[in-house]
4 protein chains.
Amino acid sequence: MRTDSAPRPRGAVGRPAGPQPAKRQAILEAAVAVFLREGYTRASVDVIADEAQVSKQTVYNHFGDKQRLFLAAVEGERERVAARFTSGLTPELADEPKNEGEGAADAETALVSFGHRVLQVLLDERASALRRLVISEVARHPSLRPACADGEPQQLVTHLVDLLTDRTARGELSVDDPATVARQFVALLVQQGLHQSMYGTRPLPGHEAAAICERAADLFVRAYRR
Amino acid sequence: MRTDSAPRPRGAVGRPAGPQPAKRQAILEAAVAVFLREGYTRASVDVIADEAQVSKQTVYNHFGDKQRLFLAAVEGERERVAARFTSGLTPELADEPKNEGEGAADAETALVSFGHRVLQVLLDERASALRRLVISEVARHPSLRPACADGEPQQLVTHLVDLLTDRTARGELSVDDPATVARQFVALLVQQGLHQSMYGTRPLPGHEAAAICERAADLFVRAYRR
Amino acid sequence: MRTDSAPRPRGAVGRPAGPQPAKRQAILEAAVAVFLREGYTRASVDVIADEAQVSKQTVYNHFGDKQRLFLAAVEGERERVAARFTSGLTPELADEPKNEGEGAADAETALVSFGHRVLQVLLDERASALRRLVISEVARHPSLRPACADGEPQQLVTHLVDLLTDRTARGELSVDDPATVARQFVALLVQQGLHQSMYGTRPLPGHEAAAICERAADLFVRAYRR
Amino acid sequence: MRTDSAPRPRGAVGRPAGPQPAKRQAILEAAVAVFLREGYTRASVDVIADEAQVSKQTVYNHFGDKQRLFLAAVEGERERVAARFTSGLTPELADEPKNEGEGAADAETALVSFGHRVLQVLLDERASALRRLVISEVARHPSLRPACADGEPQQLVTHLVDLLTDRTARGELSVDDPATVARQFVALLVQQGLHQSMYGTRPLPGHEAAAICERAADLFVRAYRR
DNA sequence: GATGAATGAGGGTTCATTCAT
DNA sequence: AATGAATGAACCCTCATTCAT
């Protein structure tokens, strides 16, 4: 990357983007919005250009063709979503070191609390739309495979591994292979959450989310309680 | 693709035209094939008509418009898939009264065996494509909601409920609420199967499928072993 | 309806029309309605067939093609309109030998009264639609020329010729060539009526109609008063 | 039809493309030609594009859709026709300050002369086609109402008002309300001209035109001669 | 590097018309 | 004589992409 031909007023030099990084960003954001809203095929480059307040050819100058623009948009949004996970799952809670309850005395309560956080990020509107988009197109765009595999962001699992390890160390649970168990727990929550919310297409009522979390926590505590 | 080799509705061979309700079936089958292959937007009515060896207007005479054709195709394929579940999960095994192992002495073995059957039907190529299609379009076609909700066909869960009830009656397990537990077990399998196969986009190696099933069985046996 | 296929009780044998005269009539009426409503090109044979509650092919059996159906429809409606003129200009007044006022002492009053009747039939909704239709298509269907030439139905002119002759005989007016003068009078009314009603597309307020008639009568009385 | 022989916008010859606002004009001219020839529904955007030697999408880029193109074409042609009236009724006569006879001593001769000019512009081929087109579509495109109301261009009436006022001032006629009388005179000519020429569909023989004018002049002179 | 104009291909839909029953 | 199913040609419109400025 980094083609900067001529002098270019130093300052924003390290940036790896192509020409006019601000426009590139505007295009990317518009592309994300439109692709999430319309899907790959329905999304039109015209609309993206309009929404980015940029000429259509500028889009082509920056991204070459629709497919590459699409992949860039997915990648960008995926990073954005992952960042949300890392930084605390939801923007508002980003600063809190731990959500209430997760450090609670009771392992079951901690799992329930973790479950709620999983569902929260999982069913976020943009994250859901991204997931549907990736599932729609993964068969046709092999480059989406990483994005598809990352459906359950690694951060979530890591976080849960820590939790399980911790509780096992405390003698509260006895989980031998926390990685596997963590993946199972997350998988269970994800599937039930997606299924009941129609893949993020309908809001999940609070009591349904609670039931999913509580039952999952109950299952795992039954299985791994010392 | 497809010049004129294979299936041809069946029945009257000599006269190629006439008021054949078989054409409706041919159109529907072509529609299923094309929609599964291309997705809703990419799929073109022209191609469907060609593939059904029928004029485009005939498609419109039968189904009114693309959306209705689409919904009919989804519904048809959904029934076909459901029928496969009911009649024994896969055509080849349709006659076997029970798969090997499921009636086995060991509850864990039985769960593993059941799990394999679930993954088998789940990852069937057409079923996967249908699932991706439904997920892709459910946000735009509300009529797809039932098809989306039926992601884990009821038959599977019912079957497992029976299994759990049976084992509980035998004193091997102690499951109070078999419906809930069955849904959890299936959900776990489904999510891990879909995730690792990229929603049916890549074949799931046998050992991965086995691991998923064994770990799930282990989890549930741990939790509900008497 | 009369569907009884076979022997057909003779009696209606001489009729030159096609099969099933009742259906023919239904088709014709539907055709008139649709052509007047939609124009020639927009009108679809499907819609006409539906509206006549008849199969599309039946339409073709009776009329051959769309163009012939169109011409038949125009001819039929034209006769209907002409009949309305003859029988008293409007259905309700059909029986009255003369409209009130036309036999009045004053020639001017008689002309005004006649003018109102002209405008009444002229601006009738169906007559207007027919006129627009004929004007639309006369350039493309030479067979419409008679229908176009008959824009000011002969009956109206004849009626006025009588009136003028009568008044001249009475010594009230002195019209040498009543045919010419009658055509002028009608032409003036027609043009102003059509123009102000946008060719029957907007209802003509009573006072506008009155003004047209009064001014026309004034003009002709000024010119031909003895 | 039409391989590539004739007009080609004009101007730059070497480079065939580029941001030429001349294309808009070419499209408009082709649209006028095709709509006048075929009517709204029959006219196809493809044909217009071909005739303008322009891609179909270019038409859409410039005019949005068929209806707007249609309205623009009608409006353009209407202005063209009106310009013809103003600048001397027909291009060839544009320079003559006054047509022969109109300033003649005799009011009747002046009216006859004026009548000829009216018929000349009225029965111009393009003006007639425009009139038929407007009448055809005014019921379906309300934006055509102004064009319909302007069937007798204001310029004609104004001109005649002047004439009548002048003759009245000279004491030759005594017209109290010249505006009304002028409208009547024009209406009479228009209706008889349109009627006898089948709305411009058949050429009006000279003697018929003359008869119309002479009779109309006779009528009005009879009525308003001092 | 950015733009507006232009393009050719193709999409869904509808039409007038004709078979086969 | 009447039907329902079928057809092929068009039509309006939109798309991804590329020139010329």
Side-chain angles (χ1 to χ4, degrees), chain A residues 3-6 18-20 23-24 41-49 54-62 64-67 69, chain B residues 12 15-24 27 41-49 53-62 64-67 69, chain C residues 1-6 8 18-20 23-24 41-49 54-62 64-67 69, chain D residues 12 15-24 27 41-49 53-67 69:
Chain A
T3 45
D4 66 339
S5 39
Q20 283 288 97
K23 295 217 167 174
R24 184 186 178 89
T41 313
R42 259 181 259 266
S44 98
V45 178
D46 287 78
V47 170
I48 292 173
V54 147
S55 143
K56 200 176 0 175
Q57 177 69 4
T58 301
V59 175
Y60 280 89
N61 285 344
H62 277 281
D65 63 10
K66 187 185 184 183
Q67 164 145 324
L69 174 59
Chain B
R15 277 172 283 86
Q20 300 174 225
K23 291 226 167 169
R24 186 188 176 90
I27 294 169
T41 312
R42 263 179 180 80
S44 99
V45 177
D46 289 74
V47 169
I48 292 173
Q53 301 203 279
V54 147
S55 131
K56 188 167 27 167
Q57 176 67 358
T58 301
V59 175
Y60 280 91
N61 284 343
H62 278 287
D65 62 10
K66 188 187 185 182
Q67 164 144 326
L69 175 58
Chain C
M1 287 292 161
R2 197 168 171 269
T3 46
D4 66 338
S5 44
R8 177 91 77 94
Q20 285 289 97
K23 294 217 167 175
R24 185 187 178 88
T41 313
R42 259 182 258 266
S44 98
V45 178
D46 286 77
V47 170
I48 292 172
V54 147
S55 142
K56 200 175 2 176
Q57 178 68 3
T58 302
V59 175
Y60 280 89
N61 286 343
H62 277 280
D65 64 8
K66 188 185 183 183
Q67 163 144 326
L69 174 57
Chain D
R15 276 173 282 86
Q20 303 173 226
K23 292 226 167 168
R24 186 187 177 90
I27 294 169
T41 312
R42 262 179 179 82
S44 100
V45 177
D46 289 74
V47 169
I48 292 172
Q53 300 202 276
V54 148
S55 134
K56 189 172 17 174
Q57 177 65 1
T58 300
V59 175
Y60 281 93
N61 284 344
H62 277 287
F63 293 95
D65 62 10
K66 188 187 184 181
Q67 163 144 327
L69 175 58

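Side chains are part of it too, since the values below use all heavy atoms of this structure and drop only hydrogens, waters and symmetry mates. Residue numbering restarts at 1 for every chain, and letters A, B, ... go by the order of the sequence lines.
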Protein and nucleotides 14-16 of chain F: nitrogen or oxygen contacts under 3.5 angstrom:
residue : atom : partner : partner atom : Å
F:dC15  : N4   : D:Gln57 : OE1          : 3.2
F:dC15  : N4   : D:Gln57 : NE2          : 3.2
F:dA16  : OP1  : A:Ala43 : O            : 3.0
F:dA16  : OP1  : A:Lys66 : NZ           : 2.5
F:dA16  : OP2  : A:Val45 : N            : 2.9

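Rounding to the nearest 0.5 Å places NZ of A:Lys23 at 11.0 Å from CG of A:Asn61. Interatomic distance, B:His62 NE2 to B:Gln57 CD, rounded to the nearest 0.5 Å: 10.5 Å. Distance check, rounded to the nearest 0.5 Å: OH of D:Tyr60 to NZ of D:Lys66 gives 8.0 Å.
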- Item | Watson-Crick and G-U pairing of DNA chain F written in dot-bracket, each distance under 3.5 angstrom, with | for inter-strand partners | .||||||||||||||||||||
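In terms of the salt bridge (charged side-chain N to carboxylate O under 4.0 Å, His left out) criterion, residue partners of B:Asp46 (sequence neighbours excluded) are, by chain and number, B:Lys56.
Regarding contacts with the backbone of F:dA2, a side-chain N or O of C:His62 is found under 4.0 angstrom from either OP1 or OP2. An OP1 or OP2 oxygen of E:dA20 is reached within less than 4.0 angstrom by no side-chain nitrogen or oxygen of B:Lys23.
Here the rule is side-chain contact (heavy atoms from CB on, under 4.5 Å) with D:Phe63, and of D:Ile48, D:Val45, D:Ile27 only D:Ile27 fits it.
When each of C:Gln67 and D:Ser55 is assigned the nucleotide of DNA chain E bearing its nearest heavy atom, the one mapping closer to the 5' terminus is D:Ser55.
A straight line from CZ of D:Arg24 to P of E:dG4 spans 16 Å, rounded to a whole angstrom. Protein atom CD1 of C:Ile48 is 11 Å distant from nucleotide atom C1' of E:dA16, rounded to whole Å.
Evaluation of atom-type donor-acceptor distances gives no pair under 3.5 Å for the side chain of D:Asn61 against the base of E:dA5.
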